[in-house]
Student: 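First the structure, then my questions, so here it is.
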Amino acid sequence: MARAGLCSQLLPLLLAHISYLLLGATVFQLLEKQAEVQSRDQFQVEKLRFLENYTCLDQWALEQFLQVIVEAWVKGVNPKGNSSSPSNWDFGSSFFFAGTVITTIGYGNLAPSTEAGRVFCVFYALVGIPLNVVFLDHLGTGLRAHLTTLARWEDQPRLSQVLGLALFLILGTLAVLIAPPMLFSHVEDWSFSEGLYFAFITLSTIGFGDFVVGRDPSKRYISVYRSLAAIWILLGLAWMALTLSLGPLLLHRCSQLRLLRRGLSLKDQAAPDPDGLPRPQKVPISA
């Protein structure tokens, strides 16, 4: 019986999961495939134009050079600029990379290239990922307990509870998910939508790697820029966990407030007149 009940619950979730994946695949294909085809065709045209302008090169030499560029990019070396570009493995960048490892963001734009670095990364992640999960869980639990102590909340009007919690969530969202993208957009010369996209993709631990802070070789970043970004990621992940736990509580408080108002309204309608007779119910006049 228990096994049959588990299967009856799991099957709808599995179907919903697969359906959602199929929906996402269809929409992404419709939105992105044509742009990819245009970019690919444009790249081929530019290669032919380059070969026409520089006749000393042939197709094989150009392909070899492009392979060198691709390999450099995979190893985290930006082909733009020169050798004086900031290192990807200075302390600030290494701190940022360590943060992306233990938070499982994994942008993919940078990875260890040495055998020793890869082995260390495996064991570092084995310890760091559980440590990060425990830290975020305790931090979120502590903040939630501090903000929503039941003994304190029961002494306040329900409307104050809802408004206070909603204001806290709004201000926190502004501080974590709105203000940082504005800063990143200013420093990185992104649009605000690109900065917001980067912030959400980062804090949701999706981490595509198409937008990463501190990667433009033409810019002079302060030494602690990427370290501060890593700290923002940790705080933002804690905020996301707190928001996911406080969101249902806010909805529950709103439903309680609505039920309370409805109960008071029904009570007022049923209240008797001063002469002891019940108040007549209001009957809507039909057209």
Side-chain angles (χ1 to χ4, degrees), residues 24-25 28 31-32 35-36 39 68-81 85-133 135-136 176-241 244:
F28 284 128
L31 294 177
E32 299 295 334
E36 180 199 26
S39 297
V68 172
I69 294 177
V70 171
E71 291 178 356
W73 180 262
V74 170
K75 293 181 179 179
V77 178
N78 196 323
K80 296 171 60 178
S85 301
S87 171
N88 290 318
W89 295 105
D90 56 16
F91 181 79
S93 299
S94 300
F95 185 85
F96 182 80
F97 174 76
T100 63
V101 170
I102 65 173
T103 56
T104 69
I105 294 175
Y107 287 117
N109 66 305
L110 184 64
S113 59
T114 64
E115 183 176 354
R118 291 167 179 164
V119 172
F120 174 76
C121 185
V122 170
F123 290 99
Y124 182 77
L126 283 175
V127 178
I129 292 174
L131 178 64
N132 182 67
V133 171
F135 167 73
L136 293 178
V176 173
L177 203 57
I178 302 299
M182 295 177 65
L183 176 62
F184 294 141
S185 300
H186 175 71
V187 175
E188 303 288 344
D189 288 336
W190 296 339
S191 65
F192 177 75
S193 61
E194 291 173 338
L196 182 62
Y197 167 81
F198 162 76
F200 178 78
I201 293 299
T202 295
L203 297 184
S204 60
T205 69
I206 297 174
F208 289 127
D210 48 351
F211 288 89
V212 183
V213 296
R215 293 282 295 165
D216 192 341
S218 64
K219 295 184 179 298
R220 294 285 183 177
Y221 301 102
I222 60 175
S223 57
V224 295
Y225 176 60
R226 302 195 85 188
S227 298
L228 293 175
I231 295 174
W232 163 74
I233 290 175
L234 291 176
L235 296 178
L237 290 175
W239 170 255
M240 292 289 285
L244 292 177

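Here the structure is a predicted model, which is why all the values come from computation and not from measurement. The residues of the chain are indexed from 1 along the displayed sequence.
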Student: Roughly how far, to the nearest 0.5 Å, is the CD1 atom of Ile206 from the OG1 atom of Thr104?
Tutor: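 Separation between the atoms: 11.0 Å.
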Student: Where is the tightest heavy-atom contact between Leu237 and Thr103, given as atom of each residue plus distance?
Tutor: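 Closest heavy-atom pair between Leu237 and Thr103: CD1-CG2, 3.4 Å.
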Student: Which heavy-atom pair separates Val212 from Trp190 by the least distance, and what is that distance?
Tutor: O-CZ2, 3.8 Å
Student: Describe, in one word, how the ring planes of Tyr197 and Phe208 are oriented to each other, choosing from parallel (under 30°), tilted (30 to 60°) and perpendicular (over 60°).
Tutor: parallel
Student: At what distance, to the nearest 0.5 angstrom, does CG of Leu183 lie from CD of Glu188?
Tutor: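 Between atom CG of Leu183 and atom CD of Glu188 there are 9.0 Å.
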Student: Just verifying a value: how many Å separate Asn109 CG and Asp210 CG, rounded to the nearest 0.5 Å?
Tutor: 10.0 Å
Student: Could you grab the distance from atom CE of Met240 to atom OG1 of Thr205, nearest 0.5 Å is fine?
Tutor: 8.5 Å
Student: Measuring from atom CD1 of Ile231 to atom CZ of Phe95, what distance do you get when rounded to the nearest 0.5 angstrom?
Tutor: 5.0 Å
Student: May I ask you to test the Phe198-Val213 pair for a side-chain heavy-atom distance under 4.5 Å?
Tutor: yes
Student: So among Trp232, Phe192, Phe200, which one has a ring pair (Phe, Tyr, Trp, His ring centres under 6.0 Å) with Phe184?
Tutor: Trp232
Student: Could you tell me whether a side-chain N or O of Ser185 sits under 3.5 Å from a main-chain N or O of Pro181, the two making a donor and an acceptor?
Tutor: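 Yes; judged by distance alone, with no hydrogens or angles, the pair exists.
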Student: Once you round to the nearest 0.5 Å, how far does CZ of Phe96 lie from OH of Tyr225?
Tutor: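 That separation rounds to 9.0 Å.
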Student: With a 4.5 Å cut-off on side-chain heavy atoms, are Asp189 and Asp216 touching?
Tutor: no
Student: More than 12 heavy atoms of other residues, nucleotides or ligands under 6.0 Å from CZ of Phe91: yes or no?
Tutor: no
Student: Could you give the side-chain donor-acceptor pairs of residues 116-133 under 3.5 Å, partners two or more places apart or in another chain?
Tutor:
unit_1	atom_1	unit_2	atom_2	d
Arg118	NE	Pro112	O	3.1
Asn132	ND2	Ile102	O	3.4

Student: Under the side chain to side chain contact (heavy atoms under 4.5 Å, CB included) rule, what do Trp239 and Leu177 come out as? Steps first, then yes or no, please.
Tutor: CA-CA 10 Å; Trp239 170 255; Leu177 203 57; 6.0 Å; no
Student: Determine whether Arg215 and Tyr221 satisfy the following criterion, side chain to side chain contact (heavy atoms under 4.5 Å, CB included), listing intermediate values before the conclusion.
Tutor: CA-CA 9 Å; Arg215 293 282 295 165; Tyr221 301 102; 5.6 Å; no
